[in-house]
Structures are given as C-alpha cells and as structure tokens.
Amino acid sequence: MDIKTQAFGRLPDGTAVEVYSLTNEKGLEARIMTYGATLVSLEVPDRMGKAGDIVLGYESLDGYIKNSPYFGSIVGRYGNRIAKGKFILDGVTYTLAANNGENHLHGGIKGFDKVVWNAEPVREEGVAAIKFSYLSRDGEEGYPGNLAVVVIYSLSNDNELKISYEARTDKATPVNLTHHSYFNLAGEGDVLGQELMIASDAYTPVDSGLIPTGEIRPVMGTPFDFTSPHAIGERIAKVEGGYDHNFVLRSGGELGLAARVVDPKSGRTMEITTTEPGLQFYSGNFLDGTITGKGGRVYSKHAGFCLETQHFPDSPNKPGFPSTILRPGRVYKSLTVHKFSTR
Ligand code: GLA
C-alpha cells in the first residue's frame, strides 16, 4: 500500500491543488485531487493483468475548472435535483440557485465539486486512504447551517475502493452526498455493451425536468428491469433521452448490494454496495463529443455511465421519500464500496 502526493495545478486565484495517489499490491491505483475531492483516474487490471483507466476526466486541472459535467467529483450539499430550487423546512422557505432549467442540481452553481478540500493521508494496516474535509458555510448556495463534511477515500488489498461520508450541522439542512465518476470498464469506446445488474425492484419516474413525480413504480416488464444483467444499450432506445433515473434499492438503506457491472471484453467487473437507499443510473446522455478527455479521447454520448448512490432526488419536497434532513446533534453517515475483480 502506498500514498503519494503531487502538485496538480492552481486555480485562477492562485490556490494550489494537489493530487494524491493510492496504490495497492494488486495493481490498482486511484488518483484523487483536492479540487472537488475528485477521482481523477482509476487504474484497474483487466483479465490479462493489463491496467486501464476506467474513469472519464481530464489530464490536467484546467479542464476540470473550465468544463466538467461532475467528472469523478464529490457532489453536495445535495446530489441531484431539488424542484424549482425551493423547499420548506420547519416552516421556513429556502431558495437555492436554479442551475438546471428552473431546478437546482448537484448543490448549485458552486457545489462541493468546485471547492478545494483539505486533505490528509491516512495510513492504516492494509489500507491507503485520504481524508478530505470541507466546511460549507451557513447560507452557501442558499442552504441553512454550517455543515462540516468529511469524505474518506480508501483503497484496500481486496481491491475495494471505499468512499465514506460524514457531516455535522448547526442548523437543520438537507444533505445528500454522492460520488459522480463516469465509469467505462473497457477504458475506451462506449459503455452500451457493458452488462449491468441493479438490485432494485422499483424506480422513481420523473417529469420532463427530471423531477420525480413521487410515484414508486415497479421495474418489472420495463427497460428499467436490471434485476438480472442486461447490456446497458439493449433497451436504451426505449427510454426517452436515455437512462437518468433513481432506482430504489432492495437493501433499503442498510449496507447491501446496489449494482454489478461486467465488461465482457476486458473481463473487468465492478460491484457496488452502499448504505444509501437509492442509486441514480445515468448513461452519459449529455456527453456529445464536445469534450476531449484523457489520452485525447473524445467523449461521445454513452462514453461512460454513472452509478450515484444517494437518497432520492427532490426528497426535501417529497414527504413520502426517505428524509434527507440532517439536524444539529445528529451525524450524517454514508458508505459506498466499489469492489473490482475480473472474470
Ligand atoms: C446526474 C443527473 C444528470 C446529469 C448528470 C451530469 O446524473 O441526474 O441529469 O445532470 O448528473 O450531467
């Protein structure tokens, strides 16, 4: 196990950004930078033992600052959408930035993906980890309360990349943190042939602005049924705009299996377990070839997929969904594990 740090660049205001590299004894390497606590690269061996980078992103900081659709970043204070950027909490109406049509998306104009986090390497027996922390001030992006957030990325010799989250507040606030890597287990081309299983019997249908209607609808007999593995592209034409939906996980908020993805060509397999009750499956629909990323690769539609463990979108306005409200004196805790293997 090893941890190394290096300069990754500077923000326009001169703030230095570092990148940490975590390596294990099985040939996995995760590089995470302090800007957005962003996973910049993830090298994973294929069935022949050949390493490949399986996440989308840029080679340098510049790209992330100029134009990044949340490549690899930590998303907060609220992952996914809040309708019209408004919610009522304890009788008070709060207004957040409308940065996605009339809705609020991924924490607003300057979410947790666009701030520089403090970082501290953690060396423990059998794991290499980095502890990121950030204090989101009362009123930031319209949210109430000073929110102290800690996110730990850790890599083990079992080929597990764990992301654990903790947050504390001094005023009641919605919190819904997630990680936004675009995976492509082949490390090239599109992801339509990669086979996905989601441990979910129901999803939350959305309106034209991608806000859940509030309904929990069974996946059975629909293109959303991933209870047994299906190639991502198999039924995608039947889903208007492609997949960008929240799945209700069977594990129901207890640490359990969320999804498994297999790339038949390289043999790379990723299994995700989480304590979150939901999973946003996004099939990279908005990638349109205008971004050239690492290694000169052009990111066309479906060049990567995201599996964002989360609470359901627009929960602050949906009393029927599991609550995302964190109160003073309580601790927000969340854990997601990505386990890699080959077959
Ligand atoms: C999430 C959203 C998508 C999209 C991507 C980033 O997955 O649900 O609609 O915004 O993030 O582009």
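Just follow the structure's listing: the first ligand is 1, and inside any ligand the first atom is 1.
- Among the candidates L22, D53, V40, V55, the single residue satisfying the side chain to side chain contact (heavy atoms under 4.5 Å, CB included) test with R31 is V40.
- The aromatic rings of H179 and F183 sit tilted, their planes meeting at an angle between 30° and 60°.
- Atom 1 (C) of ligand 1 has its closest protein heavy atom at H106 NE2, 3.1 Å.
- Using a cutoff of 4.0 Å between basic side-chain nitrogens and carboxylate oxygens, D90 and R327 are scored as salt-bridged.
- A salt bridge is absent between K339 and D158: the closest approach of a Lys/Arg side-chain nitrogen to an acidic carboxylate oxygen does not fall below 4.0 angstrom.
- Contact atoms of ligand 1 toward E308: 1 (C), 7 (O) (distance under 4.0 Å to a heavy atom of the residue).
- Protein heavy atom nearest atom 3 (C) of ligand 1, with residue, atom name and distance: D244 OD2, 2.9 Å.
- At a heavy-atom cutoff of 4.0 Å, ligand 1 is contacted by the side chain of Y182 but not by its backbone.
- Taking any N or O of H180, backbone or side chain, at least one lies under 3.5 Å from an N or O belonging to ligand 1.
- Every atom of ligand 1 is numbered from 1 in the order shown, and the set under 4.0 Å from a heavy atom of N80 is 2 (C), 8 (O).
- Under 4.0 Å is where a charged nitrogen must lie from a carboxylate oxygen, and between E271 and R260 at least one such pair does.
- A donor-acceptor contact shorter than 3.5 Å links the side chain of N285 to the backbone of Y243.
- Summarising the contacts of atom 10 (O) of ligand 1 with N285, N103, L105, L210, the nearest heavy atom is found in L105.
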